[in-house]
Amino acid sequence: MSLRVPLSSLLALALAACEQTQPPAAPPSPVATEPQAAVPTRPSIVAKPVLALPDRFAALGTEPFWAADVAGATLTYKTPEDQAGQLATVTRTAGEDFVELRGTLAGQALTLTVSKGPCSDGMSDTVYPFSVTRRLGDDTQRGCARPG
């Protein structure tokens with residue numbers, strides 16, 4: 001039995017054997033990139049100073065007359081009609097230029113916002129170191145305050 005192989009097949013085999021095989025491709029060279037900018041660090045948080053309001057102070061307003069004596073978290077609110085006063089527990093929030101005291105008095109929201117700066121009560125020659133805005137329910141009044 002004779003095996004006949006077409007000439008074209010033999011030529012294809014001969015060419016394939018003579019072909020040089022390509023060496024494996026080299027890994028791509030790194031692409032030159034610009035240096036990465038440093039990731040900015042978060043700036044340190046510096047606490048801003050807060051208004052230094054004494055633990056004990058007295059606030060007052062005129063026309064209508066009112067007074068608030070504060071000792072820590074206790075506020076005694078007085079009017080000419082109630083000179084003994086009513087007690088309220090308050091919380092303090094201090095900011096750079098204010099201190100706010102919040103509580104409830106006779107079922108109404110009470111807020112005293114105290115700011116540093118000269119204040120006159122309009123009735124005397126006394127100059128107080130703090131001004132006050134008093135909100136009791138829907139009523140807002142202005143006044144002054146001093147340590148004590």
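Values below: every heavy atom of this structure, side chains too, minus hydrogens, waters and symmetry copies. The model shown is predicted, which means the values in this text are computed figures rather than measured ones. FYI, the numbering just counts along the sequence from 1.
Using a 4.5 Å heavy-atom cutoff, the side chains of Leu112 and Tyr77 are not in contact. When side chains are defined from C-beta on, Val70 counts as touching Leu75, because their heavy atoms get closer than 4.5 Å. The side-chain heavy atoms of Ser120 and Val127, taken from C-beta on, include no pair separated by under 4.5 Å. Counting only heavy atoms from C-beta outward, the side chains of Phe65 and Met123 approach each other to under 4.5 Å. Counting only heavy atoms from C-beta outward, the side chains of Pro129 and Pro147 approach each other to under 4.5 Å. Residues Arg92 and Asp55 are in side-chain contact: their nearest non-hydrogen atoms beyond the backbone lie under 4.5 Å apart. Residues Trp66 and Lys78 have side chains not in contact (no heavy-atom distance under 4.5 Å, counting atoms from C-beta outward). Taking the side chain as every heavy atom from C-beta outward, Phe57 and Val114 approach each other to under 4.5 Å.
Judged purely by distance below 3.5 Å, without hydrogens or angles, the side chains of Asp82 and Thr79 never pair a donor atom with an acceptor atom.
We find that Asp139 and Arg134 are joined by a salt bridge, their nearest charged nitrogen and carboxylate oxygen being less than 4.0 Å apart. With respect to Arg135 and Glu100, a salt bridge is recorded, a charged nitrogen being found less than 4.0 Å from a carboxylate O.
Here the OG1 atom belonging to Thr111 is positioned 9.0 Å from the CG atom belonging to Leu101, to the nearest 0.5 angstrom. Rounding to the nearest 0.5 Å places CG of Leu60 at 6.0 Å from CG of Asp121. In this structure, the separation between CD on Gln86 and CG on Leu110 is 10.0 Å, given to the nearest 0.5 Å.
Shown here for Cys119 and Phe130, the closest heavy-atom pair between the two residues is CB-O, 3.3 Å.
Under a cut-off of 6.0 angstrom, the local environment of CG in Asp138 is sparse, with at most 12 non-hydrogen atoms contributed by other residues, nucleotides or ligands.
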